[in-house]
Amino acid sequence: MGVYAAAQDMETTAGEKWYYSSGTSNLLSEIIRRQFDSDEAYWNFPQKALFDNINASSFRIEADAGGTYVGSSYSYATARDWAKFGLLYLNDGYWQETQILPTGWVDYTKTVAPNSNGAYGAHFWLNQGGAFPDAPKDLYYCSGFNGQYVFIVPSQNMVVVRLGVDGLGEMDANQLLRDILKGLDS
């Protein structure tokens, strides 16, 4: 998928126009793969460098037909392990006393992508553009297939994981967040 994305012509000059494309994440997966001396080292990297360090043993990331992780999707874990992933970001890349993510990475994640109107950062969605009007603007999140979310809300010191399937688009994530936040206030 990354090789395919790399072979596509650019529509505009980088930074001129923003449009969500899962191909960008897949392209990055391909670039990361090329940094390793062997496929085995690449395939073991997420578990050894990240998931083992946060005690999240259920994570599975699917690879494409060429063996490169699908960076845009096809990542599976229990709700508890997704919450650990969210907590790692909530705590600025620290897990307990250990820095897991590079210093500054979480801030970079939350930096608004040019021309995204506050909707997107570095492979995380942002609420700065008001996608969820009843939630704090500092909320940022992973948005999965059919209504699966990992919401990270620094101002509330909160992570919310929602794994239900919403194939019809009927789940109102703004209402979910509003109800949770209202419950915290009472």
Side-chain angles (χ1 to χ4, degrees), residues 2 22 24-64 67-113 116 118-128 131-132 135-145 147-164 173 176-177 180-181 183-184:
S22 59
T24 305
S25 297
N26 295 323
L27 180 58
L28 286 175
S29 289
E30 180 67 29
I31 291 168
I32 291 168
R33 183 178 186 185
R34 293 178 186 178
Q35 307 312 303
F36 289 86
D37 293 331
S38 71
D39 286 342
E40 185 175 344
Y42 168 72
W43 293 328
N44 289 326
F45 177 71
Q47 193 65 46
K48 286 184 176 181
L50 178 60
F51 304 131
D52 285 351
N53 287 314
I54 63 172
N55 301 313
S57 61
S58 72
F59 269 94
R60 300 295 178 262
I61 307 171
E62 284 190 30
D64 65 16
T68 301
Y69 285 126
V70 181
S72 63
S73 48
Y74 302 116
S75 297
Y76 309 96
T78 63
R80 184 179 304 267
D81 283 353
W82 279 115
K84 290 176 182 179
F85 180 79
L87 283 170
L88 178 67
Y89 274 82
L90 180 68
N91 293 317
D92 200 27
Y94 279 90
W95 187 255
Q96 297 169 350
E97 303 290 320
T98 305
Q99 182 82 36
I100 305 296
L101 300 175
T103 301
W105 180 255
V106 173
D107 285 338
Y108 176 70
T109 297
K110 299 184 292 183
T111 301
V112 176
S116 74
Y120 204 67
H123 303 273
F124 275 72
W125 292 93
L126 310 175
N127 197 40
Q128 292 180 33
F132 303 108
K137 295 285 188 195
D138 69 338
L139 177 146
Y140 59 110
Y141 60 103
C142 305
S143 178
F145 184 68
Q148 299 175 352
Y149 294 99
V150 178
F151 293 111
I152 303 155
V153 191
S155 60
Q156 296 293 318
N157 196 32
M158 179 176 77
V159 172
V160 175
V161 176
R162 197 257 183 206
L163 295 184
L176 172 70
L177 291 165
I180 290 170
L181 292 165
L184 292 175

A.B. asks: If we ignore hydrogens and angles and just use 3.5 Å, is the side chain of N91 paired with the main-chain N or O of Q96 as donor and acceptor?
C.D. replies: no
A.B. asks: Taking W95 as the fixed residue, which of N53, L101, I54 is the one that meets the side-chain contact (heavy atoms from CB on, under 4.5 Å) rule?
C.D. replies: I54
A.B. asks: Taking all non-hydrogen atoms of both residues, which atom of I152 and which atom of P154 are closest, and how far apart?
C.D. replies: O-CD, 3.5 Å
A.B. asks: Look at the aromatic rings of F59 and W82 and report parallel, tilted or perpendicular, splitting at 30° and 60°.
C.D. replies: perpendicular
A.B. asks: Looking at R60 and Q47, what are the two nearest heavy atoms and their distance?
C.D. replies: NH1-OE1, 4.3 Å
A.B. asks: For A135 versus L177, what's the shortest heavy-atom pair and its separation?
C.D. replies: CB-CD1, 4.1 Å
A.B. asks: Quick one: list whatever passes side-chain contact (heavy atoms from CB on, under 4.5 Å) with L28, sequence neighbours left out.
C.D. replies: I31, H123
A.B. asks: Measuring only between side-chain heavy atoms, which start at C-beta, is F85 closer than 4.5 Å to L50?
C.D. replies: yes
A.B. asks: Is any side-chain heavy atom of I61 closer than 4.5 Å to one of F51?
C.D. replies: yes
A.B. asks: Can you name the one residue among W105, F151, Y89, Y108 that meets ring pair (Phe, Tyr, Trp, His ring centres under 6.0 Å) with F124?
C.D. replies: Y89
A.B. asks: Would you compute the distance between atom CZ of F45 and atom CZ of R33 and round it to the nearest 0.5 angstrom?
C.D. replies: 14.5 Å
A.B. asks: Minimum heavy-atom separation for D81 to N55, with atom names?
C.D. replies: OD1-O, 3.8 Å
A.B. asks: Could you check if a side-chain atom of Y74 sits within less than 4.5 angstrom of a side-chain atom of Y69, using non-hydrogen atoms only?
C.D. replies: no
A.B. asks: For the pair S75 (side chain) and G71 (backbone), establish whether a donor and an acceptor sit closer than 3.5 Å, ignoring hydrogens and angles.
C.D. replies: no
A.B. asks: Check for a donor-acceptor pair, side chain of R162 on one end and backbone N or O of G164 on the other, with a separation under 3.5 Å.
C.D. replies: yes
A.B. asks: Which distance, rounded to the nearest 0.5 Å, do you find between the OG of S29 and the CG of D64?
C.D. replies: 8.5 Å
A.B. asks: Any donor and acceptor pair, going by atom type alone, linking the side chain of D92 with main-chain N or O of V106 inside 3.5 Å?
C.D. replies: no
A.B. asks: Can you find a pair of side-chain heavy atoms, one from N157 and one from L90, that are under 4.5 Å apart?
C.D. replies: yes
A.B. asks: Can you tell me how far apart NZ (K84) and OG (S57) are? Round to the nearest 0.5 Å.
C.D. replies: 7.0 Å
A.B. asks: Mind checking side-chain contact (heavy atoms from CB on, under 4.5 Å) for N44 and listing every partner two or more places apart, or none if nothing turns up?
C.D. replies: E40, K48
A.B. asks: OG1 of T68 to CZ of R34: how many Å apart, nearest 0.5 Å?
C.D. replies: 8.0 Å
A.B. asks: Backbone N or O of G67 within a donor-acceptor pair of the D39 side chain at under 3.5 Å?
C.D. replies: no
A.B. asks: From L181 CG over to M158 CE, what is the distance, rounded to the nearest 0.5 angstrom?
C.D. replies: 4.5 Å
A.B. asks: Determine the interplanar angle of the Y149 and F132 rings, folded into 0 to 90°, and report it as parallel if under 30°, tilted if 30 to 60°, perpendicular if over 60°.
C.D. replies: perpendicular
A.B. asks: Let me confirm one number: the OH-OG distance from Y76 to S58, rounded to the nearest 0.5 Å.
C.D. replies: 13.0 Å
A.B. asks: Taking all atoms of both residues into account, what is the closest heavy-atom pair of P136 and V153, and its distance?
C.D. replies: CG-CG1, 3.7 Å
